[in-house]
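Just so it is clear, the structure is predicted and the values come from calculations on it, not from any experiment. Just so you know, residue 1 is the first one in the sequence shown, and it goes up from there. Only this structure's heavy atoms are used, side chains among them; waters, hydrogens and symmetry mates stay out.
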Amino acid sequence: MEETRIAVISIILTDKDSVEQVNSILHDYGSFILGRMGIPYREKGLHLISVAIDAPEDAISALSGKLGRLKGVSVKTAYAPKDAGSR
């Protein structure tokens with residue numbers, strides 16, 4: 001079994017035209033996603049999305065990269081320590 005990492009990906013979406021692409025990309029990585037929370041901030045015209053993920057590092061990097069290349073999308077990823085979740 002490939003080693004996985006736990007991470008949280010924070011997404012700030014300022015271009016509503018990218019919403020469908022963001023959802024499609026997240027769907028493609030759905031088997032790794034532990035949970036997702038989206039908050040529309042209508043007064044500011046943006047959406048805040050937080051995604052908890054447990055996946056191989058290359059998959060997390062690929063997901064973050066694909067999202068970050070979209071117009072009006074800012075992405076930051078925070079990783080748990082490598083030994084987090086091991087017993």
Side-chain angles (χ1 to χ4, degrees):
M1 185 172 143
E2 188 173 2
E3 185 176 329
T4 63
R5 295 284 305 271
I6 299 167
V8 177
I9 301 172
S10 299
I11 305 163
I12 299 176
L13 179 64
T14 59
D15 187 333
K16 68 179 181 175
D17 292 336
S18 294
V19 169
E20 191 172 317
Q21 290 172 290
V22 167
N23 285 328
S24 176
I25 292 168
L26 291 175
H27 176 77
D28 291 344
Y29 288 83
S31 62
F32 299 119
I33 294 175
L34 301 171
R36 169 183 170 177
M37 178 180 64
I39 303 170
Y41 193 177
R42 290 180 185 86
E43 293 83 9
K44 300 286 182 175
L46 53 86
H47 299 272
L48 308 168
I49 303 168
S50 179
V51 178
I53 189 166
D54 186 357
E57 277 190 72
D58 59 340
I60 296 171
S61 294
L63 171 56
S64 296
K66 288 177 184 180
L67 291 169
R69 284 190 290 278
L70 297 175
K71 180 182 174 203
V73 178
S74 299
V75 179
K76 295 291 180 190
T77 304
Y79 288 89
K82 284 196 178 209
D83 61 349
S86 61
R87 295 190 181 242

Spacing of [X] atom [atom1] and [Y] atom [atom2] [to the nearest 0.5 Å]:
X: Ile25; Y: Lys66; atom1: CD1; atom2: NZ; result: 7.0 Å
X: Ser10; Y: Lys76; atom1: OG; atom2: NZ; result: 10.0 Å
X: His27; Y: Ile33; atom1: NE2; atom2: CD1; result: 10.0 Å

**Set of residues satisfying salt bridge (Lys or Arg N to Asp or Glu O under 4.0 Å) with respect to Asp54, sequence neighbours excluded** =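 With neighbours one apart ignored, the set is empty.
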**4.5 Å side-chain heavy-atom contact, Arg69 and Gln21** =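 SC-SC contact between Arg69 and Gln21 ruled out.
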**Request:** Flag the pair Thr77 / Arg5 as yes when at least one side-chain heavy-atom distance between them is below 4.5 Å, and no otherwise.
**Result:**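 Side-chain contact under 4.5 Å: no.
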**Item:** Sequence-distant partners of Thr14, side chain to side chain contact (heavy atoms under 4.5 Å, CB included), two or more places apart
**Value:**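 For Thr14 the side chain to side chain contact (heavy atoms under 4.5 Å, CB included) partners, ignoring immediate neighbours, are Ile12, Leu46.
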**Prompt:** Who are the side chain to side chain contact (heavy atoms under 4.5 Å, CB included) partners of Ala62, not counting sequence neighbours?
**Reply:**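 Residues passing side chain to side chain contact (heavy atoms under 4.5 Å, CB included) with Ala62: Tyr29.
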Do you reckon [X] sits in the same ILVMFWY cluster as [Y], going by side-chain contacts under 4.5 Å, direct or chained?
X: Ile11; Y: Ile6; result: no
X: Tyr79; Y: Leu67; result: yes
X: Val51; Y: Ile39; result: no

**Passing option when Val19 is tested against Leu70, Val73, Leu13 for side-chain contact (heavy atoms from CB on, under 4.5 Å)** =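 That would be Leu13; it is the only one of Leu70, Val73, Leu13 passing the side-chain contact (heavy atoms from CB on, under 4.5 Å) with Val19.
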**Prompt:** Checking side-chain contact (heavy atoms from CB on, under 4.5 Å) against Leu63, which of Ile53, Asp58, Val75 comes through?
**Reply:**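 Single pass found, and it is Ile53.
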**Request:** Specify the closest pair of heavy atoms between Val8 and Ser50, including all atoms of both residues, with the distance to one decimal.
**Result:**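 The pair with the smallest heavy-atom distance is CG1-OG, 3.6 Å.
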**Prompt:** If you take all heavy atoms of Ile60 and Ala7, which pair is closest and at what distance?
**Reply:**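 Closest approach of Ile60 to Ala7, heavy atoms only: CD1-CB, 4.0 Å.
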